[in-house]
Amino acid sequence: MTEPLPGQIRLDIFADPVCPWCLIGKAELDRALESRPDHPFAITWQPFQLDPQMPQAGMDYVAYMKMKFGDEKGILAAMKPVMEASERLGLWINPSLIERVPNTLNAHRLLHWAGLEGVQTPVMSGLMRAHWREGQNIGNPDVLARIGEQAGMSGTVIRRLLATAEDRDEIAAREIHARQRGIGSVPTFIVAESHVVTGAQPASLWQDVIDELTGRA
């Protein structure tokens, strides 16, 4: 977990890399941060599984989407705003490449280890890109190791840790604690451990928050 430096403000983000609105919410926040390079945030990505009952091996993507949205018409209706928002933000996601919806516990374990090395945000970016743009299975240890390596982590260490139960209980306990605090959907942002912002908010909102925190408003 990244502890804020003096003068920084903690921003906890509860998200799952397979959640489309987390992808969009991150892109909006990224735009705001890029426009305010002197922002005060120290970001920590917190674990939250969109579907904690997902089988360990994941599920066929089409079968999963039909289970959630009924039929092809329901799937298209659910994905339409996602596709429109992603195109507006230049994300160019490609759900047609996704073959399986993974169990994301191991992805959250990787994010936890990335936090210890100060590379959580690059790893979350890699997880989202792999799932949404490349259709890779981010439940696969080799895929996770490659994502970690791209962020400067040791793929050998990641593979070794994933083969054990290391930090499984830690991730599960943190998610249970989040749900007990009333967090029931993602993305959820908590500013300075007190102010809650839910959903994929526009960059303009984050710019206003940053301006207020830095005295620009």
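This one's a predicted model, so the numbers in the text were calculated from it and none came from an experiment.
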Margin query: When you measure from the side chain of Arg109 to the backbone of Asp167, do you find a donor-acceptor pair of N or O atoms at a distance under 3.5 Å?
Written below: no
Item checked: Check against side chain to side chain contact (heavy atoms under 4.5 Å, CB included), Asp16 and His108 -> CA-CA 8 Å; Asp16 196 349; His108 285 295; 3.4 Å; yes
Check: Is Leu161 linked to Met153 within one hydrophobic cluster, defined over Ile, Leu, Val, Met, Phe, Trp and Tyr using a side-chain heavy-atom separation of less than 4.5 Å?
Finding: yes
Item checked: N/O donor-acceptor pair under 3.5 Å between Glu175 side chain and Gln49 backbone -> yes
Next item on the list: Apply side chain to side chain donor-acceptor pair (under 3.5 Å) to Arg129 and list each qualifying residue two or more places apart in sequence or on a separate chain.
Entry: none
Checklist line | Ile176 reachable from Ile183 in the ILVMFWY side-chain graph, under 4.5 Å edges | finding: no
Note to self: Looking at every heavy atom in both Pro95 and Met79, which two are closest together, and how far apart are they?
What the structure shows: CG-CE, 3.8 Å
Notebook entry, point to check: Does the side chain of His195 come within less than 4.5 Å of Ile190's, by heavy atoms?
Noted result: no
Checklist line | Under 3.5 Å side-chain donor-acceptor pair for Gln207 and Ser35 | finding: yes
Margin query: Quick check against the 3.5 Å criterion: does Glu134 have a side-chain atom that pairs as donor or acceptor with the backbone of His131?
Written below: no
Margin query: Does His39 form a side chain to side chain contact (heavy atoms under 4.5 Å, CB included) with Thr214? I'd like the steps, not just the answer.
Written below: CA-CA 7 Å; His39 70 83; Thr214 57; over 6 Å; no
Check: At what distance, to the nearest 0.5 angstrom, does CG of Asp169 lie from CZ of Arg174?
Finding: 13.0 Å
Notebook entry, point to check: Is a side-chain donor-acceptor pair under 3.5 Å present for Trp132 with Asn94?
Noted result: no
Next item on the list: Report yes or no: does Asp71 contribute a side-chain atom to a donor-acceptor pair with the main-chain N or O of Gly74 at less than 3.5 Å?
Entry: yes
Margin query: Quick check on the hydrophobic clustering: are Leu205 and Leu33 connected, directly or via other members, by side-chain heavy-atom contacts under 4.5 Å?
Written below: yes
Checklist line | Carboxylate-amine/guanidinium proximity below 4.0 Å for Asp51 and Lys68 | finding: no
Next item on the list: Search all heavy atoms of Ala145 against all heavy atoms of Ile158 and return the closest pair with its distance.
Entry: CA-CG2, 3.9 Å
Note to self: Count I, L, V, M, F, W, Y as connected when their side-chain heavy atoms are under 4.5 Å apart, and connections chain through other members. Are Ile98 and Met124 then in the same cluster?
What the structure shows: yes
Note to self: Do Pro55 and Asn103 have side chains that approach each other closer than 4.5 Å (heavy atoms only, starting at C-beta)?
What the structure shows: no
Margin query: If I take atom OG1 from residue Thr198 and atom CH2 from residue Trp21, how far apart are they, to the nearest 0.5 angstrom?
Written below: 13.0 Å
Check: So, for Ala151 and Val119, which heavy atoms are closest and what is the spacing to 0.1 Å?
Finding: O-CG1, 3.5 Å
Notebook entry, point to check: Think Arg179 forms a cation-pi with Phe48, using NZ or CZ under 6.0 Å from the six-ring centre and within 45 degrees of its axis?
Noted result: yes
Next item on the list: Could you walk me through whether Leu11 and Ile13 pass side chain to side chain contact (heavy atoms under 4.5 Å, CB included), step by step?
Entry: CA-CA 6 Å; Leu11 176 60; Ile13 308 175; 4.1 Å; yes
Check: Does Arg100 reach the main-chain N or O of Ala57 with its side chain, forming a donor-acceptor pair under 3.5 Å?
Finding: yes
Note to self: If I compare all heavy atoms of Met54 with all of Tyr64, which pair ends up nearest, and what's the gap?
What the structure shows: CE-CE1, 3.5 Å
Item checked: Least distance between heavy atoms, Ala114 atom then Val123 atom -> CB-CG2, 3.7 Å
Check: Are Leu97 and Tyr61 in one and the same hydrophobic cluster, where Ile, Leu, Val, Met, Phe, Trp and Tyr link if side-chain heavy atoms are under 4.5 Å apart?
Finding: no
Notebook entry, point to check: Taking the six-membered ring for Trp, are the ring centroids of Trp45 and Phe14 within less than 6.0 Å of each other?
Noted result: no
Margin query: Taking the side chain as everything from C-beta on, heavy atoms only, tell me whether Phe41 gets closer than 4.5 Å to Gln8.
Written below: no
Next item on the list: Indicate whether any N or O donor in one side chain lies under 3.5 Å from an N or O acceptor in the other, for Lys26 and Ser125.
Entry: yes
Check: Can you check whether Leu111's main-chain N or O pairs, donor with acceptor, with Gln120's side chain at less than 3.5 Å?
Finding: yes
Item checked: Side chain proximity check, Leu144 to Leu162, heavy atoms < 4.5 angstrom -> yes
Notebook entry, point to check: What's the verdict on side chain to side chain contact (heavy atoms under 4.5 Å, CB included) for His112 and Gln46, showing C-alpha distance, side-chain angles and the deciding distance?
Noted result: CA-CA 8 Å; His112 171 66; Gln46 299 285 3; over 6 Å; no
Item checked: Residues Asp38 and Arg36 bridged, charged N to O under 4.0 Å -> no
Notebook entry, point to check: Looking only at heavy atoms, what is the nearest atom pair of Ala130 and Ile138, with distance?
Noted result: CB-CG2, 3.9 Å
Item checked: Point-to-point distance, once rounded to the nearest 0.5 Å, from CD1 of Ile24 to CD1 of Ile93 -> 6.5 Å
Next item on the list: Kindly indicate whether the side chain of Cys22, heavy atoms from C-beta on, has any atom under 4.5 Å from the side chain of Met128.
Entry: yes
Next item on the list: Say whether, by atom type as modelled, one donor and one acceptor occur between the side chain of Ser154 and the main chain of Val157 under 3.5 angstrom.
Entry: yes
Note to self: Can you confirm whether more than 12 heavy atoms, excluding those of Glu99, are under 6.0 Å from its CD atom?
What the structure shows: no
Notebook entry, point to check: Do Leu213 and Ile9 have side chains that get closer than 4.5 Å, going by heavy atoms?
Noted result: yes
Next item on the list: Would you mind checking if Lys80 and Glu84 are paired as a salt bridge, meaning a charged N to carboxylate O distance below 4.0 Å?
Entry: yes
